[in-house]
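Down below is the structure, laid out as structure tokens.
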Amino acid sequence: MCSRIYGPLGVRVCAVVLLASVFASSEEFIQDLGESSVYETSGAEKPLQASSSYAEVLPEAWEGRSLSAAEVLASLPGVQYTRQGGVGSFQTVSIRGVSAKNIVVCMDGIPLNDASGGAVDFGSIDLNQIEKIEVYKDRVPAKFGGRGIGGAINFITKGSKPAEAVLNPDEKKSGRILLSYGSHNTWEAAAQMLSRLTDSVSVSASLSARHSDNDYEFSSQNGTPYNPDDDFTDKRKNAEFTEYSGLVKARVLHENGVFSTLNFNFSRSEGGNPGRDDAQTAVAGYKGEFAQATYRAELPQLLGWLWLEFSLTGKFEKAVSHSYYPLDHLGYDLPGMQEYGTAGYSLVPEVVANYSGERFDANVRLSMDAAYYEKRGTSSSKWNLMRVATNVSGDVSYDVVKNFSVGGEASASIVKDDVHGGKFVQPTTAKTLKTENTRSVSWTGRGFVRYDASNSRYGGSLSFGRFARMPQLMELYGVYPGMLSNPDLKDESALRFEVGGYYMIPKSNSAIRATYFETHVDNGIYWLVSGGFSKPVNIGESHVRGLEAELESKPKKWLSVVLRATFQNAEDRSDDAYYNGNQLPNEPMRSFYAEARFDLPYHLDFTWTSEYRTKIYDDRANRIKQPAVDLHHFSLGYTPFEKTRLVFALRNLTDETYRNPYIPFPTPGREYKLTLTQGF
């Protein structure tokens with residue numbers, strides 16, 4: 001399973017972890033690796049959740065339904081997503097009006113957008129290997145690094161069950177094979193295996209391959225968006241996407257109760273970059289490479305009350321884009337074949353400590369990221385960058401009385417960049433970087449009050465936070481298809497406030513949740529469309545406030561219903577009169593989601609979903625508009641045997657094909673997908 005992070009390299013980061021962490025008492029040697037079978041059947045009973053700011057998404061929300069991770073997350077209230085094309089295209093999410101770069105994304109608790117920065121590409125995360133998604137809308141727990149204005153998302157991979165759900169001692173091996181085929185010659189093949197060599201040693205492996213031609217039809221405006229007379233139906237060219245990835249992992253339980261884990265993972269991806277619909281090209285593309293090795297030691301229940309965890313990670317990543325335009329739009333000569341990109345090396349040590357008492361809980365995390373990046377491509381002038389980032393985070397929670405708690409969290413990242421000057425080349429421009437040493441601090445602070453009784457029909461929470469961060473490496477120096485960076489970005493800061501609650505209705509097995517949220521941002525960094533590319537820029541001041549509401553009900557064993565709505569006002573409040581009062585990019589005023597699942601006889605199940613969002617804009621001037629979207633989907637599943645499942649999914653039944661003429665990513669229309677999953 002691979003996750004692509006568009007950090008300074010724009011590569012896909014393969015982050016599969018098939019074995020989870022559990023603890024063993026140091027007083028008694030327990031031969032338990034904390035594993036479960038790789039294969040899990042869908043349709044498991046999903047308990048109703050109480051919190052309005054924390055959500056758990058289970059596999060029944062996506063299995064076989066032809067959904068990307070971004071689309072799954074966008075079904076939650078307060079979460080929006082953007083998509084830039086077909087399979088393998090860059091996709092991000094925002095939470096309560098806060099953009100993707102300020103959301104900490106983790107895989108099994110390991111941050112993916114680390115000190116190198118970058119918004120994680122949710123479109124490339126393989127959900128077939130995910131057991132659960134945790135979504136923190138109002139906070140970033142210390143165990144994830146604490147930094148982030150927009151909350152945290154943690155993907156938990158299959159096999160990560162707690163100790164009470166371990167692998168059957170008689171079952172030494174388990175595995176899973178997935179085969180899928182769909183529209184536009186989209187196919188996927190994945191194989192996973194977990195084997196226990198002894199009671200205290202296990203090995204797991206995962207291999208995956210994905211491909212799509214992405215040659216879907218779309219309505220081309222022929223470069224004249226205001227003249228519909230010359231529009232015609234065209235087919236996407238040079239938009240193919242191919243990805244190979246793998247992971248090998250060994251886990252050992254020592255006699256002193258310490259866990260050791262060693263894993264190595266890699267990925268290689270490449271694809272075309274066709275350009276705008278009125279100027280498609282067959283000679284532009286990109287390649288990405290990634291390799292990572294991690295050693296982790298877990299010391300559970302040290303001294304009987306303290307949990308410690310140490311890890312050391314080394315990684316290499318490289319991405320290069322290329323293009324060939326002998327003449328520009330005015331007919332002047334260009335250099336011909338151009339290559340531009342970055343390669344980087346980093347070393348990340350980390351230590352995490354946890355204390356849990358009867359009424360008090362505390363977590364502390366300390367990490368360092370030493371990274372070196374240099375240019376790749378045909379540019380004759382070289383540049384390089386050395387970055388050292390130190391991060392410390394912590395959170396505490398104290399139960400004042402039963403079910404009523406107060407607490408807080410804080411984090412700080414100290415970053416030093418040593419920039420060696422040279423020409424920094426991008427697809428549309430080149431900039432000479434000066435030689436300089438810069439130091440900056442990103443920090444967060446948040447306090448909360450919470451009433452949360454496990455058996456109560458109602459509960460709620462209130463939180464207030466202050467955040468500040470410097471631009472990330474991806475925003476400053478990143479290079480990847482269709483996206484630009486901006487070395488001149490300023491630091492951004494924000495104030496956040498949330499208050500929410502829930503009410504449970506046991507008779508109808510229903511839950512009602514609602515949250516009011518408000519965020520003030522200074523010098524916020526947003527991605528705007530410019531010259532056919534997206535580029536990060538600072539917006540002097542912005543203000544987001546809104547209300548999200550949700551009804552989740554399972555009145556019958558064979559029926560479950562979800563209704564979700566988000567109402568928000570994301571407003572540009574900068575000093576520039578031309579932009580003041582406009583809507584922030586990619587944020588709708590309203591969005592709605594409805595889902596109904598029916599468990600039918602003969603091992604069949606049927607799920608219908610509908611989603612709607614109001615218009616959004618891609619620019620600060622609110623002139624580049626994407627109209628309101630009304631989408632409907634269904635999936636039909638068949639589970640003849642315990643470990644065999646077949647799903648047919650049809651997305652976008654109304655064949656919505658709207659695209660923005662100013663950016664090079666038309667949206668596919670109706671799509672189908674057939675998926676077979678077999679466990680053993």
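Because only heavy atoms are used, hydrogens play no part in the values below, and waters and symmetry mates are left out as well, while side chains stay in. FYI, the numbering just counts along the sequence from 1.
Taking OG from Ser542 and CG from Asp572, the interatomic distance works out to 7.0 Å, rounded to the nearest 0.5 Å. Expressed to the nearest 0.5 Å, how far CD of Glu409 lies from CZ of Phe448 amounts to 7.0 Å. How far CZ of Phe598 is from CZ of Phe606: 7.5 Å, rounded to the nearest 0.5 Å. Here the CD1 atom belonging to Ile156 is positioned 10.0 Å from the CG atom belonging to Leu58, to the nearest 0.5 angstrom. Going from atom OH of Tyr593 over to atom CD of Glu550 covers 10.5 Å, rounded to the nearest 0.5 Å. Distance check, rounded to the nearest 0.5 Å: OH of Tyr398 to CZ of Phe404 gives 12.0 Å.
Side-chain N/O atoms of Glu541 and Ser574 include no donor and acceptor closer than 3.5 Å. In the model, Asp452 has a side-chain atom that pairs as donor or acceptor with a side-chain atom of Tyr502 under 3.5 Å. Counting only N and O atoms by type, the side chains of Ser212 and Thr186 include a donor and acceptor under 3.5 Å apart. Donor-acceptor pairing under 3.5 Å is lacking for the side chains of Ser508 and Ser553. His632 and Ser610 form a side-chain donor-acceptor contact under 3.5 Å, judged by distance and modelled atom types alone. Defined by atom type and a distance below 3.5 Å, a donor-acceptor pair is missing between the side-chain atoms of Glu587 and Gln80. If you check the side chains of Asn582 and Asn580, you find no donor sitting under 3.5 Å from an acceptor.
Remark: Arg210 engages Glu243 in a salt bridge, criterion side-chain N to carboxylate O under 4.0 Å. Using a cut-off of 4.0 Å between Lys/Arg side-chain N and Asp/Glu carboxylate O, Glu595 and Arg65 are scored as salt-bridged. The existence of a salt bridge linking Arg496 and Glu518 is excluded, since no basic side-chain nitrogen approaches an acidic carboxylate oxygen closer than 4.0 Å. Under 4.0 Å is where a charged nitrogen must lie from a carboxylate oxygen, and between Arg620 and Asp576 no such pair does. Salt-bridge annotation for Arg645 and Asp605: present, with a side-chain N of the basic residue lying under 4.0 Å from a carboxylate O of the acidic one. Taking a cutoff of 4.0 Å between a charged side-chain nitrogen and a carboxylate oxygen, Glu548 and Lys137 qualify as a salt bridge.
The two residues Pro585 and Ile539 come nearest to each other via the heavy atoms CD-CD1, 4.4 Å. The minimum heavy-atom distance linking Ala61 with Leu67 is given by the pair O-CD1, 3.4 Å. Of all heavy-atom pairs between Gly581 and Glu571, the closest is CA-OE2, 3.5 Å. Shown here for Val98 and Ile103, the closest heavy-atom pair between the two residues is O-CD1, 3.9 Å. When every heavy atom of Val104 is checked against every heavy atom of Phe144, the shortest pair comes out as CG1-O, 3.7 Å. Minimum heavy-atom separation, Gly151 to Val140: O-CG2, 3.3 Å.
With hydrogens and angles ignored, the 3.5 Å screen pairs no side-chain donor or acceptor of Ser180 with any backbone N or O of Glu188. Panel note: side chain Ser393, backbone Ala142; a donor-acceptor pair is recorded below 3.5 Å. A donor-acceptor pair under 3.5 Å links the side-chain atoms of Arg446 to the main chain of Asp138, judged by distance alone. Between the side chain of Arg670 and the main chain of Leu653, a donor-acceptor pair closer than 3.5 Å is present. Judged by distance alone, with hydrogens and angles left aside, the side-chain atoms of Asn363 form no donor-acceptor pair with the main-chain N or O of Lys143 at under 3.5 Å. At distances below 3.5 Å, not a single donor-acceptor pair connects side-chain atoms of Glu611 with backbone N or O atoms of Ser75. For Ser461 (side chain) and Arg450 (main-chain N/O), no donor-acceptor pair under 3.5 Å exists by modelled atom type.
Side chains of Glu492 and Val521 form a contact here, defined as non-hydrogen atoms less than 4.5 Å apart. Put simply, the side chain of Arg613 does not reach to within 4.5 Å of the side chain of Met589, judged on heavy atoms. Contact annotation: the side chain of Arg564 approaches that of Leu76 to within less than 4.5 Å [non-hydrogen atoms, C-beta and beyond]. Side-chain contact between Arg466 and Ser493 is present, with heavy atoms from C-beta onward closer than 4.5 Å. In this structure the side chain of Leu73 reaches within 4.5 angstrom of the side chain of Val135, judged on heavy atoms. Under the 4.5 Å side-chain criterion, counting only non-hydrogen atoms from C-beta, Leu584 is not in contact with Tyr617. Counting heavy atoms from C-beta on, the side chains of Phe241 and Asn214 come closer than 4.5 Å.
Using a 30° and 60° split on the angle between ring planes, His543 and His520 fall in the parallel class, below 30°. Classified by interplanar angle (parallel below 30°, tilted 30° to 60°, perpendicular above 60°), the ring pair Tyr136/Tyr54 is tilted.
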Query raised in the report: Stepwise, does the salt bridge (Lys or Arg N to Asp or Glu O under 4.0 Å) test hold for Arg236 with Glu217?
Result: CA-CA 6 Å; Arg236 198 67 167 151; Glu217 291 186 345; over 6 Å; no
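Taking the six-membered ring for Trp and the full ring otherwise, Phe592 and Phe567 have centroids separated by under 6.0 Å.
Within a 6.0 Å sphere centred on CZ of Arg573, other residues, nucleotides and ligands contribute more than 12 heavy atoms.
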